[in-house]
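Working notes, beginning with the structure itself.
Note that these values count all heavy atoms, side chains included, but never hydrogens, waters or copies made by symmetry.
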Amino acid sequence: MENISEEQIYYNQDKRALHDRWKQPGDKAKFKSIKDTSPTPMSSRFVRTENTFSGESISMGYESSAAWIKKIGAEGVTFRAYMNDIFRLSSFKEERGTDYPFARTVSFSLSLRF
């Protein structure tokens, strides 16, 4: 949001820096003016406490050796479902950008044991 070069300021700017920025003397804002391209020193103003509960990887399965499985010549069968990035509850919104966005995935597997 800050420390962007003058060449990149029009192409790579966070909308918060446009709307939640310092505009007039006396303003209390998190970000300085987007016209100000002077370097911003490191500080703790962007450090937050994160409280997160997430379901990043969940796997459920079922195994069986029922009589109908033996009739087809197998010892057993396993059905499994895999889920990734199912939910996320957090004290603030996580931003991953466009190169690595959240992608909820569900996949299934079926295996027969002979």
I would like to know whether Ser90 and Glu50 meet side chain to side chain contact (heavy atoms under 4.5 Å, CB included); could you show each step before the answer?
CA-CA 7 Å; Ser90 181; Glu50 179 181 7; 4.3 Å; yes
Arg104 and Glu56: salt bridge (Lys or Arg N to Asp or Glu O under 4.0 Å), yes or no, with the steps?
CA-CA 9 Å; Arg104 289 185 181 98; Glu56 294 181 15; over 6 Å; no
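- Ser91 contributes a side-chain N or O that, together with a main-chain N or O of Asn51, makes up a donor-acceptor pair within less than 3.5 Å.
- The same ILVMFWY cluster, assembled from side-chain heavy atoms under 4.5 Å apart, contains both Phe53 and Ile58.
- Residues Ser59 and Arg80 approach most closely at OG-NH1, 3.4 Å, considering heavy atoms.
- Ile69 and Tyr62 fall into different hydrophobic clusters, defined by Ile, Leu, Val, Met, Phe, Trp and Tyr side-chain heavy atoms under 4.5 Å apart, directly or through other members.
- When all heavy atoms of Arg113 and Ser64 are compared, the closest pair comes out as NH2-O, 4.2 Å.
- Closest non-hydrogen pair, Val77 versus Leu112, comes out as CG2-CD2, 3.5 Å.
- There is a path of hydrophobic side-chain contacts, each under 4.5 Å, that joins Val106 to Phe79.
- Interatomic distance, CD of Glu75 versus CZ of Phe114, reported as 10.0 Å (0.5 Å rounding).
- Rounding to the nearest 0.5 Å places OG of Ser57 at 9.0 Å from CE of Met83.
- The CG atom of Leu89 lies 9.0 Å from the OG1 atom of Thr52; values are rounded to the nearest 0.5 Å.
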